[in-house]
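One is the number of the first residue; the rest follow in order along the sequence.
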Amino acid sequence: MRLVVDLNRCQGYAQCAFLAPDVFAMHGDEGLLYDPQAEEAQRERLAQAAAACPVQAILVDDLDRDRDLARAAEARDA
């Protein structure tokens, strides 16, 4: 999965580091370090971290694609 964090938007609340510590880590008080190529095993934690970000600075490409595919399937089945 490809992970992108808008570091200009990030305010260092560290919710992501709490929810997905294998992917995100705080460096000092406000610096965020992260793995842009997160492993598939981290999918659920990344979804939680992205949802918990108070400024919505986290984008996970595959999560957005999966959501769009699910919506398309629901529309097709309706």
*Asks:* Considering only residues two or more places apart or on different chains, which pairs with a residue in residues 4-17 satisfy side-chain hydrogen bond (donor to acceptor under 3.5 Å, both in side chains)?
*Replies:*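 Pairs touching residues 4-17 that pass the test: none.
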
*Asks:* Could you check Glu44, Arg45, Glu40 and say which one makes a side-chain contact (heavy atoms from CB on, under 4.5 Å) with Gln42?
*Replies:*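 So, applying the side-chain contact (heavy atoms from CB on, under 4.5 Å) to Gln42 and each of Glu44, Arg45, Glu40, only Arg45 qualifies.
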
*Asks:* To the nearest 0.5 Å, tell me how far Met26 CE sits from Leu32 CG.
*Replies:*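 Going from the CE atom of Met26 to the CG atom of Leu32 covers 5.5 Å.
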
*Asks:* Is there a side-chain contact between Cys16 and Ile58, using heavy atoms and a 4.5 Å cut-off?
*Replies:*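 Side chain of Cys16 against side chain of Ile58, heavy atoms only: contact under 4.5 Å found.
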
*Asks:* Can you name the nearest heavy-atom pair linking Ala49 to Ala20, along with the distance?
*Replies:*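 Smallest interatomic distance, heavy atoms only, reads CB-CB, 4.4 Å.
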
*Asks:* With side chains defined as the heavy atoms from C-beta onward, is the minimum distance between Asp61 and Met1 less than 4.5 Å?
*Replies:*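 A side-chain contact is absent here, since even the closest heavy-atom pair is not under 4.5 Å.
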
*Asks:* Do Leu33 and Phe18 share a hydrophobic cluster (ILVMFWY, side-chain heavy atoms under 4.5 Å, transitive)?
*Replies:*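 No.
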
*Asks:* What closest approach, in Å, do Val5 and Tyr34 show between heavy atoms, and which atom pair accounts for it?
*Replies:*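 Nearest pair, atom of Val5 first, then Tyr34: N-OH, 3.4 Å.
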
*Asks:* How far apart are the closest heavy atoms of Arg2 and Val4, and which atoms are they?
*Replies:*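 Residues Arg2 and Val4, closest heavy atoms: NH1-CG2, 3.6 Å.
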
*Asks:* Are Val55 and Leu46 linked, directly or through other ILVMFWY residues, by side chains that come within less than 4.5 angstrom of each other?
*Replies:*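 Per the 4.5 Å side-chain linkage, Val55 and Leu46 are not co-clustered.
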
*Asks:* Which value, rounded to the nearest 0.5 Å, describes the distance between Leu3 atom CG and Phe24 atom CZ?
*Replies:*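 The distance works out to 4.5 Å.
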
*Asks:* Got a sec: does the CD of Gln56 have more than 12 other heavy atoms crowding it under 6.0 Å?
*Replies:*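 Result for CD/Gln56: enclosed.
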
